[in-house]
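Scroll down for the structure; my scribbles are underneath it.
Note that the coordinates shown come from a computational prediction; the quantities given were computed from them, not determined experimentally.
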Amino acid sequence: MAQTEIHKYSAGEKLNKMDVDLIEIELTTTAATHDTGDVIAISEEISNAVAVNGGRAIIQSVALLNTDDSVESPAMDLVFCVDNTALGTIGSAPSITDANFINCVQGVVNVSNWLTLKATDNQIATKTNVGLVVKAASNSTSIFVNVINSSGGNYTPSATSSLRLVIGIVKD
C-alpha cells in the first residue's frame, strides 16, 4: 500500500511550494490519412512536467491547436505515459504490449469540442478541470503523450506540424 505523508507540510507551506505551469509542445505526425483508432502522434515528450525527478503533477487543462487548412477537427484521445513508450506506429492501430501498457499508461483525456476561428483553418479544442494525476519516471521530470484519432472518421493533416498541445499543469 502506498504511504502518504499527509501532515508533512502545513496547508500554507503546501500551497506555497506548488507551481502552476503552461507547457506547449508540437505534436509530430504524418501528412497522411489517419483512420479512426489510428495513432496520430507517438511518445511526445513533455519536458519539466513535474518539479523533481520521479515527481507528480496534476494536469488541469489541455488545449489542442490545429493550424491545418482543412475543416477536419477530429476527436482525439491524449494518452499520457510515465516514460517514452510508444503506443504503436503513426498511422496504424495501437500495438503496445500488455506489459508496456501496465507499466506506462497513466490516463486518457478526450478532446472533441473544436472551435474554428477562421473560415477553414485555426481550430482550437479545450478540456478544462481534467484533474489527471501523472508521475514521471524516477530519473526524469518529463511525462509523455501519445495521440489517437477517436473521431469515427478520417483525419488527414496537410503538414507534420499541424497540431500543438498546450497543457495547464500543477506541479507538486
### Message
Has N113 got a side-chain atom pairing as donor or acceptor with T126's backbone, closer than 3.5 angstrom?
### Response
yes
### Message
How long is the straight-line distance from CG of L65 back to CG of L165, given to the nearest 0.5 Å?
### Response
8.5 Å
### Summary
For K171 and V50 the tightest heavy-atom approach is CD-C, 4.1 Å
### Task
Taking T36 for its side chain and G153 for its backbone only, find out whether a donor-acceptor pair lies under 3.5 Å.
yes
### Task
Check N146 against L87 and note the closest heavy-atom contact, atom names and distance.
OD1-N, 3.2 Å
### Message
Looking only at side-chain N and O atoms, does T85 offer a donor or acceptor that is under 3.5 Å from a partner on N100?
### Response
no
### Query
Distance-only, no hydrogens or angles: does the S61 side chain make a donor-acceptor pair with backbone N or O of T128 under 3.5 Å?
no
### Task
Report the C-alpha distance between I148 and V79 in whole Å, list the side-chain angles of each, state the deciding distance to 0.1 Å, and finish with yes or no for side chain to side chain contact (heavy atoms under 4.5 Å, CB included).
CA-CA 8 Å; I148 297 174; V79 182; 4.1 Å; yes
### Message
So which atom in K127 and which in N110 form the shortest heavy-atom distance, rounded to 0.1 Å?
### Response
NZ-O, 3.2 Å
### Summary
Tightest non-hydrogen contact, residues A125 and V111, listed as CB-CG1, 3.2 Å
### Message
Quick check: is V134 connected to V105 through a chain of hydrophobic side chains (ILVMFWY, heavy atoms under 4.5 Å apart)?
### Response
no
### Task
Find out whether L64 and L27 are in side-chain contact, i.e. whether some heavy atom of one side chain is under 4.5 Å from a heavy atom of the other.
yes
### Message
Could you check whether any side-chain N or O of S140 sits under 3.5 Å from a backbone N or O of A137, counting only pairs where one atom can act as donor and the other as acceptor?
### Response
no
### Query
Taking C-beta and beyond as the side chain, do T89 and V39 meet within less than 4.5 Å on heavy atoms?
no
### Query
How far does CD of Q106 sit from NZ of K135, to the nearest 0.5 angstrom?
8.5 Å
### Worked verdict on S43 versus N84 for side chain to side chain donor-acceptor pair (under 3.5 Å)
CA-CA 6 Å; S43 204; N84 190 11; 2.3 Å; yes
### Message
For the residue pair T29 / H34, report whether a side-chain donor-acceptor contact shorter than 3.5 Å exists.
### Response
yes
### Query
Is there a donor-acceptor contact under 3.5 Å linking the side chains of T160 and T28?
no
### Message
If I take atom CD from residue E44 and atom CD1 from residue I25, how far apart are they, to the nearest 0.5 angstrom?
### Response
5.5 Å
### I102 backbone acceptor or donor facing D98 side chain under 3.5 Å
no
### Summary
Closest non-hydrogen atoms of A86 and I42, given as atom of the first, atom of the second and distance, are CB-CB, 4.0 Å
### Query
Hey, any chance F144 and I23 share a hydrophobic cluster, counting ILVMFWY side chains that come within less than 4.5 Å of each other, even indirectly?
no
### For L132 against F80, the heavy-atom pair lying closest together
CD2-CD1, 3.8 Å
### W114 side chain near N66 side chain, heavy-atom distance below 4.5 Å
yes
### Task
Check the side chains of E45 and S142 for a donor-acceptor pair under 3.5 angstrom, ignoring hydrogens and angles.
yes
#### Entry: Spacing of Q60 atom CD and I169 atom CD1 [to the nearest 0.5 Å]
10.5 Å
### Message
Counting C-beta onward and ignoring hydrogens, is there a side-chain heavy-atom pair between L78 and V62 closer than 4.5 Å?
### Response
yes
#### Entry: Inter-residue atom distance I46.CD1 - D21.CG, 0.5 Å rounding
11.5 Å
### Summary
One should read off an interatomic distance between N149 CG and D35 CG, to the nearest 0.5 angstrom, of 8.0 Å
### Message
Tell me whether I124 shares a hydrophobic cluster with L22, the cluster being built from Ile, Leu, Val, Met, Phe, Trp, Tyr side chains joined at under 4.5 Å.
### Response
yes
### Query
Can L163 and I40 be said to form a side chain to side chain contact (heavy atoms under 4.5 Å, CB included), step by step?
CA-CA 10 Å; L163 291 173; I40 295 173; 4.0 Å; yes
